[in-house]
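Since the structure comes first, as structure tokens, the remarks are kept for the end.
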Amino acid sequence: MKLMLKQVFGSGKFVIGFVIFLAILLTVVIYPIFVPDAPLKIISRGTFLSPGIYVNLYDSIDSATRYTLITDDAEARRVAGRLSDEDRAKMREWLIGNGVDEAEIDGADTAQLLDLWELNFDPTVRLPGMTNADRNYYIRLTASLEGLLSTEGATIASTNPETGALEQSDIVNQTDYVHVNEVANSRLFILGTDNFGRDVLTELISATGVSLTIGFVAGIVATSIGLVLGLVSGYVGGMVDQVIVFIMNLFTVIPTFVLLILISFSIGQESRGAFTIAVVIGLTSWVWTSRAVRAQVISLRNRDHVNLSKLSGHSIAYILAMDILPYIASYVVMALILQISSGILAEAGLSILGLGPRTTEVPTLGLMLNWAMIYQAHILNKWWAYLPIILVIALISFSMNLMNTGLDQVFNPALRD
Amino acid sequence: MKSDKVILSGKGVTKIFGFGSNKTVAVDHVDFSFREGEVISIVGESGSGKTTLAKILLGLLKQTEGEIYFDGQLRDIRSHSKKKAYWQNIQAIFQDPFSSYNVFRKIDAVLLDCIRMRGGGRLPYDKKREMMREACSFVNLKFDELTNKYPFELSGGQQQRLMIARIFLLKPKILLADEPTSMIDACSRATILDMLMDLRNEVGMTPIFITHDIGLAYYVSDTVYIMEHGKFVESGSADAVILHPKKQYTQRLLSDVPKLHEEWDLSTV
Ligand SMILES: Nc1ncnc2c1ncn2[C@@H]1O[C@H](COP(=O)(O)OP(=O)(O)OP(=O)(O)O)[C@@H](O)[C@H]1O
Ligand SMILES: [Mg+2]
């Protein structure tokens, strides 16, 4: 036993797969300790906030110590932030279309461009081919250019409760900075938010946990059924074997995924919990394990050590448990790993079709993909809403398949190099 | 030692593997009656159906046809408890000691099974250990060195001796030894055979040797059955069959072991 473990952990492939899997597992366990938010809590108004740090504007004006930094490119950045290259090109287009000499316009010189704009722009003028939307855009742009090159600070005023008049309370200079950590409220969204305004990372980690559990339950169910049927039919033989093989054939010819879809559909939205789905996946995917176990048992049942065990008066159950099972245990573990990873994929497949677990309780990897798809994250280029999920699914199956290949090489001498 | 009581006999015992075009008649209508206490050998070339017959006698394979009588009565091993009772009377040593043990069970477990089989399951452990020690020393093994070890940690000869220690504990009426010495070297071979013969004297059992080595059969047995293609072609006392073979097949088996044959010529003539 010790030797076997040593051999298994001597296999590079297994170790890499195991480490990746362990890292995923640890993240799932440890993350909620630090971020105890409910995974499905809606945390933002508006959808698909992009990844990054969100700093509370009110708090940053109000409470934090202000620092003055002398930076050379602050202004250029500020201007660039409000007037993009695209905007400049549009302005140029308008100006040229209204008879300004092209040579006169220097796109890079903001002050000159603004002067020209102020001089020439007239919201009532319609260029040929200009749509209403274009006109609105120009009007909006003009409004946003207000005070672009101003060097004065922003005035903060508050209402005097007695007179009702606005009174200046503070000025925020252009060189004022606050420390992010000193702002009372800020929030990091490493992976942004999803279509419902939930934190994708928290949701993803919780979903990974749920999906792993689903895979695990499905794997255990499938492997147990497959193991018991395979052991009994392989060892007992005769009529029992024929009946079991008939059932196996039945499950082999029916495409399991179609069966899975039909069962999930007929269970109905209401009673489709994550656990139910896991059991259903397990119930439809045992057949290959049972076939393989049966074949192995048939090759084992006439071995002399089994005969010796019979001669020692052991019962069928004892022989199956002590003389057959240990010999195929490594194989069963490998089958279990594959079943877990295919269970996770099956759940993802079902959920993408909208037949996954009920949506209000827990996220699963498949459900997250389903949501991302329904809300067109892939069309809107909101990569953070689907890419990390695909990556996690890929990583889980990759790590499990790697472990499996490693085990296969240890237990199957013909594959050893 | 020999008595006239028939302990195990069979009528028309047949075993057919497979169906239709690829069916093999491994054992073909054999009749036999083994008397209590005599040493029996079943000799035949490879593939003649010896192991198959042995497994039928042991109740590990079901015969396709024919009846087997144990102790004068039709053998009935249809339930687990009846099988267990039968196996208290008939035991075996297999061809290949390396594949005869479960690699996940320790030597102690193998021997304790035998004590339990004899109804000693509830004995205090000290008593059990005493019995195991005795059995091991009978076959020149030291139990204290073997305890907590696995059978595969022993050499082939030691494993086969452990097998005999099993029989020592089980004390069956019949022992089927299927080529017990085929996987071990010539030196241990004689030791194993001697031990088996000692054991026979000790517990008064009826050994049935199954072998392709007619020399060995002559060396140990009272009665010899010659097996060819699943049939018994010749049988009788060892002297009659081996020194005066009637069938060509028997003569061929004899000529396959020329060296031994000459040795007997030297010793018997
Ligand atoms: N389980 C089985 N299924 C099909 N055919 C079998 C089976 N077991 C044995 N046979 C066939 O029965 C015949 C007799 O086999 P058996 O093992 O009894 O021979 P044997 O005399 O013990 O040979 P050896 O001296 O090589 O051990 C062989 O032709 C073999 O192919
Ligand atoms: Mg054989």
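Quick note on labels: first sequence line is chain A, next is B, and so on, each numbered from 1. No hydrogens, no waters, no symmetry mates; every other heavy atom, side chains included, goes into these values.
There is no side-chain donor-acceptor pair under 3.5 Å between Arg116(B) and Ser312(A).
Most heavy-atom pairs under 4.5 Å with chain A, from the set Lys55(B), His80(B), Lys84(B): that is His80(B). Of the listed residues (Asp304(A), Asn307(A), Ile316(A)), the one with the most heavy-atom contacts under 4.5 Å to chain B is Asp304(A).
No side-chain donor-acceptor contact under 3.5 Å links Tyr327(A) to the backbone of Phe104(B).
By the 6.0 Å contact criterion, CZ on Phe275(A) is open, its count of non-hydrogen atoms from other residues, nucleotides or ligands being 12 or less. Surrounding CZ of Phe398(A) are at most 12 heavy atoms belonging to other residues, nucleotides or ligands under 6.0 Å away. In Phe98(B), the CZ atom is crowded: over 12 heavy atoms of neighbouring residues, nucleotides or ligands sit closer than 6.0 Å. Counting heavy-atom neighbours within 6.0 Å of Phe19(B) CZ, excluding the residue itself, gives a total of 12 or less.
The CG atom of Asp96(B) lies 12.5 Å from the NE2 atom of His305(A); values are rounded to the nearest 0.5 Å. Rounding to the nearest 0.5 angstrom, the gap separating the CG atom in Leu60(B) from the CZ atom in Arg301(A) is 13.0 Å.
With a threshold of 4.5 angstrom between heavy atoms, Ser315(A) approaches chain B through its backbone and through its side chain.
Residue Leu311(A) comes nearest to Leu58(B) through the heavy atom pair CD2-CD2, 4.2 Å, listed as atom of the first residue, atom of the second, then distance. Residues Ser100(B) and Leu308(A) share a closest heavy-atom pair of O-CD2, 3.3 Å.
Among residues two or more places apart in sequence or in another chain, the ring-ring contact (aromatic ring centres under 6.0 Å, His included) test is passed with Phe152(B) by Tyr150(B). The side chain to side chain donor-acceptor pair (under 3.5 Å) search around Arg105(B) returns Tyr318(A), Asp113(B), not counting sequence neighbours.
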